[in-house]
Protein chains: 2
Amino acid sequence: MTKIRLDGAALAGGLERVVSLLRRLAAGDRISLTTADTLRTLDTGGPCRISELAALEGVTQPAMTQLVSRLEHDGLVERRSHPDDARVVMVHLTAAGAERLQARREARARLLDELAGRLSGDDRDALAAALPALERLVAAQTTYSGSTTT
Amino acid sequence: MTKIRLDGAALAGGLERVVSLLRRLAAGDRISLTTADTLRTLDTGGPCRISELAALEGVTQPAMTQLVSRLEHDGLVERRSHPDDARVVMVHLTAAGAERLQARREARARLLDELAGRLSGDDRDALAAALPALERLVAAQTTYSGSTTT
DNA sequence: TATTGTTATACTCTATAACTATA
DNA sequence: TATAGTTATAGAGTATAACAATA
């Protein structure tokens, strides 16, 4: 299509704007980015221990303990014990949590559908074609983790 | 390329993951998302009044007053008076603020370059081709604003 | 009287440090 | 002794309400 080579700076700028966009779309939301992303992690990756969730979300273990406590209080997740190690707490997404996440996604999808409706057909095609690549870009980071020392 | 029609839900899911990715990349950062986005807004849109910044970032006017005070204390922005209306405070990005933003972008660009390096050439092309569309998607929202009542 | 911004106060969320329980 | 998680305390950031200055 284009001969333009992908430039990290351009990509960073584009993604930076995406964050800005989503922040504005989610402005009316009660739920914080960390909270939403934690639910998303549990949804896509399945049950997870506190320490691993903390590492994934880039917060401390105590902070994740409290976040999980809030989510548990709201009925969105459940604490369960690990069968082989009594020290470990496995966090499970509840049906209510999955529903909450789904509702949030649908609301966002409606807004994005509306925005996408203002684009040209070519633009929409370009976005649709890039989604799988975006998926793999994120996967590359997840695999990467470990030496993310700033 | 693909015949797949752009689906708001798929787009929402993809963008959701992008946020997750960038949050993790920025984990070591001192600077918050709101702070970074405020600097970005000033950089791309030029000087701006407090109330407008607050509306753009989805925070209250007092919160923006305090954020601007912190940024001013750090030398990243400057308060100047509006020539025609003495009530208005115009917030200007300083050279130091622009540098800080640039440094953050470059660090991010390096990481993204590294991640993109693990993708196939086709994937990189797809991302490069989608960036202008992404740009226009964000622009559509900016134009939109006003009736974003949840 | 309406608008722009600031100050006062309370609440949420997070980090660091100290602690408990299990391996 | 090391690991997983919790509790205690303090600090950053935000919201609501009350206020000051200008239009």
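Every heavy atom of this structure was used, including side-chain atoms; hydrogens, water molecules and symmetry mates were not. Chain naming here is simple, since letters A, B, ... match the order of the sequence lines and numbering starts at 1 in each.
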What are the two closest non-hydrogen atoms of [X] and [Y], and how far apart are they?
X: A:Val68; Y: A:Leu53; result: CG2-CD1, 4.5 Å
X: B:Cys48; Y: B:Leu42; result: CB-CD2, 3.8 Å
X: B:Arg79; Y: B:Thr65; result: NH2-O, 3.3 Å
X: B:Ala133; Y: A:Leu127; result: CB-CG, 3.8 Å

Does a donor on one side chain sit under 3.5 Å from an acceptor on the other, for B:Ser120 and A:Arg136? no
Atom [atom1] of [X] to atom [atom2] of [N]: distance rounded to whole Å?
X: B:Arg87; N: C:dA2; atom1: CZ; atom2: P; answer: 13 Å
X: B:Ile50; N: C:dT7; atom1: CD1; atom2: C1'; answer: 14 Å
X: B:Arg49; N: D:dA23; atom1: CZ; atom2: C1'; answer: 12 Å
X: A:Gln61; N: D:dT7; atom1: CD; atom2: P; answer: 13 Å
X: B:Asp85; N: C:dT4; atom1: CG; atom2: P; answer: 8 Å
X: A:Leu53; N: D:dA4; atom1: CG; atom2: C1'; answer: 13 Å
X: B:Asp84; N: D:dT22; atom1: CG; atom2: P; answer: 16 Å

Sugar-phosphate only, base, or nothing, as touched by A:Ser32 at under 4.0 Å among non-hydrogen atoms: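 Nothing, no heavy atom under 4.0 Å.
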Test salt bridge (Lys or Arg N to Asp or Glu O under 4.0 Å) on B:Asp113 and B:Arg110; report intermediate values, then the result. CA-CA 5 Å; B:Asp113 261 328; B:Arg110 276 194 298 277; over 6 Å; no
Interatomic spacing from CG in A:Leu119 to CZ in A:Arg124 - rounded to 0.5 Å: 7.0 Å
Near DNA chain D, counting only heavy atoms under 4.0 Å, which residues of residues 63-79 of chain B show up?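 The answer is B:Ala63, B:Gln66, B:Arg70.
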Closer than 4.0 angstrom, basic N to acidic O: yes or no for B:Arg105 and B:Asp43? yes
Short N-O contact, A:Glu78 and A:Arg80, less than 4.0 angstrom: yes
Five pairs at each end of the helix from C:dT1-D:dA23 to C:dA23-D:dT1: take the axis at both ends and give me the angle between them to 10°.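 Comparing the first five pairs with the last five, the axes sit 10° apart.
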Within less than 4.0 Å of OP1 or OP2 of C:dT4, is there a side-chain N or O belonging to B:Ser51?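 Checking B:Ser51 against C:dT4: no side-chain N or O falls below 4.0 Å of OP1 or OP2.
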Closest to the side chain of B:Pro62, out of C:dT4, D:dT16, D:dT6, is D:dT16
